[in-house]
Engineer: 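Okay, handing you the structure first.
Read the numbers this way: they start at 1 and go in the same order the structure lists the ligands and their atoms. Residue numbers count from 1 along this sequence. Side chains are part of it too, since the values below use all heavy atoms of this structure and drop only hydrogens, waters and symmetry mates.
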Amino acid sequence: MIHGGTLVDPTGTRPGDVLIQDGVIVSAGNRVESAPAGTVVLDAGGCVVAPGLVDLHTHLREPGREEAETVETGSRAAALGGYTAVVAMPNTEPAIDSAAVVRQVLELGRDALCDVAVAGSITVGREGTRLAPLAEMAALGVKLFTDDGSGVQDARLMRRALEYASSLGVTLAQHCEDSSLAAGGHMHEGEWSSRLGIPGQPAEAEELMVMRDLALCRLTGTPVHFLHLSTARSVAMVRGAKASGLPVTAEATPHHLCLTDACVAGYDTVFKVNPPLRSAEDAAAIRAGLADGTIDAIATDHAPHAKEAKEAPFDQAPPGMIGLETALGVALSELDLPIERVVALLSWKPAAIAGLAEHGRPITAGIPANLCVIDPEMEWTVDPARMASRSRNTPFAGRTLRGRVRHTVLAGEPVVVNGQAQR
Ligand code: DOR
Ligand code: ZN
């Protein structure tokens with residue numbers, strides 16, 4: 001039983017206890033005076049009880065980069081962050097571009113501390129030249145496809161992929177980056193890149209591909225999901241596209257909504273990420289896009305990298321930062337939105353984009369108990385040494401955040417209790 005909290009779900013907000021049996025919610029919304037003997041009680045006093053969070057964009061690094069993360073360590077980080085499901089990105093080694101690798105990752109996910117869904121790659125080896133066997137991956141339940149890490153550069157191939165996706169009922173997600181324009185850039189191109197002497201990637205490298213894919217979306221009528229939007233004009237284009245009725249969705253990361261290119265001033269590679277941290281105006285536009293619904297979801301782009309890799313000089317270090325354990329705290333601290341809206345951006349909206357029917361559901365009898373309990377007032381300081389991720393590359397080290405996960409329940413099992421992972 002989850003006792004004493006306030007339920008927040010797509011139907012609204014109300015006080016109530018939740019009784020769970022055999023992985024399924026048996027009652028929700030009433031105060032339970034006496035639970036059956038032997039009931040495990042999780043205290044939710046002062047807390048919000050919500051559907052578990054869903055991450056559209058997690059790099060779990062398995063297979064191939066187990067020194068940075070594994071399905072086990074990444075799923076533990078996810079559970080501690082309140083997630084009951086994550087979508088594993090396909091830029092592994094080998095890439096998730098065939099039924100065999102999809103099966104391998106799904107198998108690894110079976111014992112994980114959250115549900116692990118898989119995104120397949122659009123092209124073979126994410127090389128951008130030949131379409132991957134989308135149908136055989138879709139047959140295993142893959143619903144999202146992306147070459148994340150790169151965008152599909154060839155417009156004709158992207159058009160064909162969209163037509164194919166349409167017939168399969170799956171969604172293509174794009175990492176928007178024109179590689180010719182971004183080439184050689186290691187941060188956002190602007191005043192800071194000039195001052196620091198680091199070659200930059202212009203905002204237009206992202207915007208060109210957003211513009212092109214909006215055109216391809218119009219041409220094919222097939223939905224497109226835009227990954228980690230980072231510029232004000234990207235947000236404006238998606239806003240316009242939605243107003244004209246195009247079937248597009250978009251996500252933004254916690255780091256792009258509150259960090260800027262000024263963070264790079266100390267040449268600390270922890271702030272190197274793709275797309276790069278942009279200007280303060282861009283970050284404000286991301287927050288405005290989240291507030292007005294232009295951006296549908298917050299996704300972490302959790303990108304663990306081993307210490308040795310991040311210790312390289314700025315131009316040689318790999319881009320990426322971890323985010324699963326801090327996303328909720330950053331969103332609650334940095335967005336001027338009620339908690340109901342923040343939870344929507346982190347739970348049921350991404351669940352709908354990922355097509356995860358067992359997550360982000362209204363908290364009612366008969367549904368699988370995938371839940372998180374959030375203490376919205378708890379202040380805590382981010383300490384990389386205490387994170388569950390195998391990597392420590394968080395840009396929020398030392399920051400005090402308000403809002404933290406108290407418990408996470410996966411299919412009825414308390415996987416996090418009082419902020420501690422249970423296995
Ligand atoms: O910063 C990034 N890191 N951006 C990406 O697109 C890929 C990711 C990674 O896999 O490390
Ligand atoms: Zn990406």
Engineer: Nearest protein heavy atom to atom 6 (O) of ligand 1, by residue and atom, and its distance?
Structural biologist: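 Answer, as residue, atom name and distance: H175 CE1, 2.9 Å.
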
Engineer: Got the closest protein heavy atom to atom 8 (C) of ligand 1, with its distance?
Structural biologist: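 For atom 8 (C) of ligand 1, the nearest protein heavy atom comes out as H59 NE2, 3.7 Å.
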
Engineer: Are any of the side-chain heavy atoms of T123 and T129 separated by less than 4.5 Å?
Structural biologist: no

Engineer: Could you walk me through whether M387 and R76 pass the side-chain contact (heavy atoms from CB on, under 4.5 Å) check?
Structural biologist: CA-CA 10 Å; M387 292 189 140; R76 187 171 295 117; over 6 Å; no

Engineer: Exactly one of R278, E281, H256, E207 should register a side chain to side chain donor-acceptor pair (under 3.5 Å) with T231. Which one does?
Structural biologist: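 One option only clears the test, and that one is E207.
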
Engineer: Please state which protein non-hydrogen atom is closest to atom 3 (N) of ligand 1 and give its distance, to 0.1 Å?
Structural biologist: P319 O, 3.1 Å

Engineer: Closer than 3.5 angstrom, by distance alone: can the side chain of S391 be matched with the main-chain N or O of A68 as a donor-acceptor pair?
Structural biologist: yes

Engineer: Could you tell me whether R61 approaches ligand 1 through its side chain, its backbone, both or neither, with non-hydrogen atoms closer than 4.0 Å?
Structural biologist: side chain

Engineer: Passes side-chain contact (heavy atoms from CB on, under 4.5 Å), W380 versus V382? Steps please.
Structural biologist: CA-CA 7 Å; W380 60 290; V382 179; 4.0 Å; yes

Engineer: Please test D296 against I353 for side-chain contact (heavy atoms from CB on, under 4.5 Å), starting from the C-alpha separation and ending with a verdict.
Structural biologist: CA-CA 9 Å; D296 301 86; I353 293 167; 3.8 Å; yes

Engineer: Measure centre to centre between the rings of H302 and H57, then say whether the value is under 6.0 Å.
Structural biologist: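 Centroid separation for H302 and H57: 6.0 Å or greater.
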
Engineer: Under 4.0 Å from a heavy atom of N91: give me the atoms of ligand 1 that qualify, with their elements.
Structural biologist: 9 (C), 10 (O)

Engineer: What N/O/S atom of D148 is the closest to the Zn ion (ligand 2)?
Structural biologist: OD1

Engineer: Between L345 and L337, does a side-chain contact (heavy atoms from CB on, under 4.5 Å) hold up when you go through it step by step?
Structural biologist: CA-CA 11 Å; L345 289 163; L337 294 174; 3.9 Å; yes

Engineer: Among D301, L56, I286, V273, which one satisfies side-chain contact (heavy atoms from CB on, under 4.5 Å) with H228?
Structural biologist: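 In the set D301, L56, I286, V273, the residue that makes a side-chain contact (heavy atoms from CB on, under 4.5 Å) with H228 is D301.
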
Engineer: For V273, counting its heavy atoms only, list the atoms of ligand 1 lying under 4.0 Å from any of them.
Structural biologist: 1 (O)

Engineer: Give a yes/no verdict on whether any heavy atom in G149 is under 4.0 Å from an atom of ligand 1.
Structural biologist: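 Within the 4.0 Å threshold, so yes.
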
Engineer: Write the atom name of the N, O or S atom in H228 that is nearest the Zn ion (ligand 2).
Structural biologist: NE2

Engineer: Should H305 be listed as contacting ligand 1, given a heavy-atom distance under 4.0 Å as the test?
Structural biologist: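 Heavy atoms of H305 do come under 4.0 Å of ligand 1.
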
Engineer: Quick check: does any side chain N or O of T260 sit under 3.5 Å from a backbone N or O of A280, one acting as donor and the other as acceptor?
Structural biologist: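 Pair absent, no side-chain N/O of T260 close to backbone of A280.
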
Engineer: For ligand 1, which atoms sit closer than 4.0 Å to a heavy atom of D148?
Structural biologist: 6 (O)

Engineer: Short list, please: which atoms of ligand 1 are under 4.0 Å from a heavy atom of A303?
Structural biologist: 3 (N), 8 (C), 9 (C), 11 (O)

Engineer: Could you identify the N, O or S atom of H175 positioned closest to the Zn ion (ligand 2)?
Structural biologist: ND1

Engineer: Residue-level breakdown please: for K272 versus ligand 1, do any non-hydrogen atoms fall below 4.0 Å on the side chain, on the backbone, on both, or on neither?
Structural biologist: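 Neither part.
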
Engineer: Nearest to atom 4 (N) of ligand 1, what protein heavy atom do you find, and at what distance?
Structural biologist: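 Checked against all protein heavy atoms, atom 4 (N) of ligand 1 sits closest to N274 O, 2.8 Å.
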
Engineer: Test of understanding: given a 4.0 Å heavy-atom threshold, classify the contact between M89 and ligand 1 as side chain, backbone, both, or neither.
Structural biologist: neither

